[in-house]
> 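I'd like to ask you about the structure that follows.
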Amino acid sequence: MPNCFKKTLFALASALSFVSFLLIVIAMGTQKWMTGKILCKTGADLVNATDPELVKFIGDIYYGLFRGGKIRQCGLGGRRSKFTIFPHLLKKLNAALHVMILIFLCVAISFALVSFGFCILNAIKVPYRAIKGPAGICLWNLLAGGFTVLAVTSFIAAVKLHRLTERIANFQENVFRFVILEEWYESSFWLCVASATSHLVNLLLIAISGVHVPEFKTKTEEATVTAEDIMY
């Protein structure tokens, strides 16, 4: 049986693994990975809009891995629209990269659950196989955190290198052309970053669990029998 110190560390590691699993699931299900400001350049050029008038041509956009929406501002008021990535918008994006992001996150979810189960096992008993012990937990956390980092990095590459926001903003736009004024990562993206960080913390916890903590035992005073005690 593991001692109380190791039980506490493994219990905390299991909690972090489960939290990591929840964070990725929530991130994949929400649609706030990116938000930004979009300018209707065609409309602004038609009326030769100056800086104060550009406000009438600036809209908003937000999207996640599966769906999103935008507000088009082309001088005649805002028009809301929603879209889904699958299946239509996928033709406008880098399909392979987008699918890779989803695969990386799904694999990370699987390894996070495996890490959760192994942490529970180590909190209950000492496994007789090394792969089920701290070495195995380190492996699963490295894989879960690594695939999450790959997903986050791939998403950044899609945004910066493949102009993901601009492609989505101009989806099904035959007349107007939109340009991106500014864009920023939102809560769903940072949930994945937090998930990867939790696995890093788990690795530190497992490393600490290998530190030998001496057990302090109270010494019982031994009764000494002297000659005077025998006389009495």
Side-chain angles (χ1 to χ4, degrees), residues 21-109 147-197:
F21 158 75
L22 290 179
L23 289 176
I24 299 178
V25 171
I26 294 172
M28 292 182 69
T30 52
Q31 49 187 341
K32 282 296 182 72
W33 279 67
M34 288 290 296
T35 57
K37 295 289 185 181
I38 55 176
L39 171 67
C40 181
K41 187 169 179 57
T42 305
D45 289 344
L46 283 175
V47 299
N48 197 19
T50 57
D51 287 343
E53 297 172 335
L54 283 178
V55 179
K56 298 179 181 180
F57 298 92
I58 297 177
D60 299 291
I61 188 171
Y62 65 91
Y63 61 90
L65 298 179
F66 296 99
R67 60 190 182 278
K70 65 180 179 181
I71 301 176
R72 301 166 71 253
Q73 294 278 8
C74 293
L76 300 175
R79 292 181 58 187
R80 295 179 179 271
S81 62
K82 293 185 178 181
F83 52 83
T84 56
I85 303 295
F86 294 95
H88 305 100
L89 189 54
L90 198 62
K91 298 176 182 178
K92 294 280 291 183
L93 311 179
N94 188 323
L97 185 58
H98 197 80
V99 172
M100 280 176 57
I101 295 171
L102 296 175
I103 293 175
F104 288 153
L105 290 177
C106 290
V107 174
I109 286 175
F147 276 104
T148 306
V149 170
L150 284 175
V152 169
T153 306
S154 299
F155 184 77
I156 294 175
V159 172
K160 299 300 182 182
L161 301 180
H162 295 275
R163 299 176 299 152
L164 180 63
T165 307
E166 184 176 337
R167 292 189 181 193
I168 293 176
N170 288 285
F171 175 62
Q172 290 185 338
E173 294 290 347
N174 299 320
V175 178
F176 297 102
R177 178 177 176 271
F178 292 88
V179 296
I180 308 303
L181 296 181
E182 55 183 350
E183 57 186 356
W184 51 89
Y185 301 100
E186 277 295 340
S187 56
S188 299
F189 173 86
W190 295 113
L191 286 178
C192 287
V193 176
S195 172
T197 305

> Using a 4.5 Å cut-off on heavy atoms from C-beta on, say whether the side chain of Ile168 contacts that of Leu93.
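In contact.
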> Which heavy atom of Ala44 sits nearest a heavy atom of Leu54, and at what distance?
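Heavy atoms of Ala44 and Leu54 come nearest at CB-CD2, 3.9 Å.
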> What pair of heavy atoms forms the shortest contact from Thr148 to Ala108, and how long is it?
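Taking every non-hydrogen atom into account, OG1-CB, 3.3 Å.
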> Can you tell if the side chain of Lys37 reaches within under 4.5 Å of the side chain of Asp60, non-hydrogen atoms only?
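SC-SC contact between Lys37 and Asp60 confirmed.
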> Any chance you could measure Phe104, atom CZ, to Thr153, atom OG1, to the nearest 0.5 Å?
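Phe104 CZ to Thr153 OG1: 9.5 Å, rounded to 0.5 Å.
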> Does the side chain of Glu166 reach to within under 4.5 Å of the side chain of Ile180, using non-hydrogen atoms?
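Heavy-atom side-chain distance check passes, below 4.5 Å.
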> Which pair of heavy atoms, one from Ala27 and one from Ser188, lies closest together, and at what distance?
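It is CB-O, 3.4 Å.
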> Heavy atoms, side chains only, cut-off 4.5 Å: are Val193 and Tyr185 in contact?
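In short, these two side chains do not touch, never coming nearer than 4.5 Å.
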> Test the Lys70-Phe171 pair against the cation-pi criterion, namely NZ or CZ under 6.0 angstrom from the six-membered ring centroid and within 45° of the ring axis.
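Checked: cation-pi criterion not met.
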> Could you grab the distance from atom CD1 of Ile38 to atom OG1 of Thr165, nearest 0.5 Å is fine?
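The distance works out to 10.0 Å.
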> Will you find, in the side chains of Gln31 and Trp33, an N or O donor that is under 3.5 Å from an N or O acceptor?
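Absent: no donor and acceptor within the cut-off.
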> Angle class for the Phe176/Phe178 ring planes (parallel below 30°, perpendicular above 60°, tilted otherwise)?
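Answer is tilted, since the angle falls between 30° and 60°.
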> Might you point out which heavy atoms bring Lys32 and Glu186 nearest each other, and give the distance in Å?
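Taking every non-hydrogen atom into account, O-CB, 2.8 Å.
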> Applying salt bridge (Lys or Arg N to Asp or Glu O under 4.0 Å), can you list everything that pairs with Arg167, at least two apart in sequence or on another chain?
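Partners of Arg167 under the salt bridge (Lys or Arg N to Asp or Glu O under 4.0 Å) test: none.
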> Just how far is it from atom CE of Met34 to atom CH2 of Trp184, taken to the nearest 0.5 Å?
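If I round to the nearest 0.5 Å, the distance is 9.0 Å.
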> CZ of Phe155 to NE2 of His98: how many Å apart, nearest 0.5 Å?
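One gets 8.5 Å once the value is rounded to the nearest 0.5 Å.
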> Any sub-3.5 Å donor-acceptor pair from His162's side-chain atoms to Ala157's backbone N or O?
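It does not hold such a pair.
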> Let's go through Leu105 and Leu65 carefully: what are the C-alpha distance in whole Å and the side-chain angles of both, what is the deciding distance for side chain to side chain contact (heavy atoms under 4.5 Å, CB included) to 0.1 Å, and is it a yes or a no?
CA-CA 11 Å; Leu105 290 177; Leu65 298 179; 3.6 Å; yes
> Nearest 0.5 angstrom please: Leu164 CG to Lys92 NZ, how far?
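Leu164 atom CG to Lys92 atom NZ measures 12.0 Å (nearest 0.5 Å).
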> Looking at Gly29 and Arg67, what are the two nearest heavy atoms and their distance?
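Minimum heavy-atom separation between Gly29 and Arg67: O-NH2, 3.1 Å.
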> Rounded to the nearest 0.5 Å, what's the gap from CG on Leu39 to CG on Asp45? Could you check?
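The distance works out to 8.0 Å.
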> Verify side chain to side chain contact (heavy atoms under 4.5 Å, CB included) between Phe189 and Val152, making sure each step is shown before the conclusion.
CA-CA 7 Å; Phe189 173 86; Val152 169; 3.5 Å; yes
> Would you say that Arg79 contacts Cys74 through its side chain, given a criterion of any heavy-atom pair below 4.5 Å between the two side chains?
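Counting from C-beta outward, Arg79 and Cys74 never come under 4.5 Å.
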> Should Leu102 and Phe86 count as side-chain neighbours, where that means a heavy-atom distance under 4.5 Å?
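Side chain of Leu102 against side chain of Phe86, heavy atoms only: contact under 4.5 Å found.
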> Is it true that a side-chain atom of Thr42 and a backbone atom of Arg177 form a donor plus acceptor pair closer than 3.5 Å?
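Indeed, once roles are kept as given, a pair shorter than 3.5 Å links the two residues.
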> Does the Ser195 side chain pair with the main chain of Leu191, one donor and one acceptor, at a distance under 3.5 Å?
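Flag not set: sc Ser195 to bb Leu191 has no pair under 3.5 Å.
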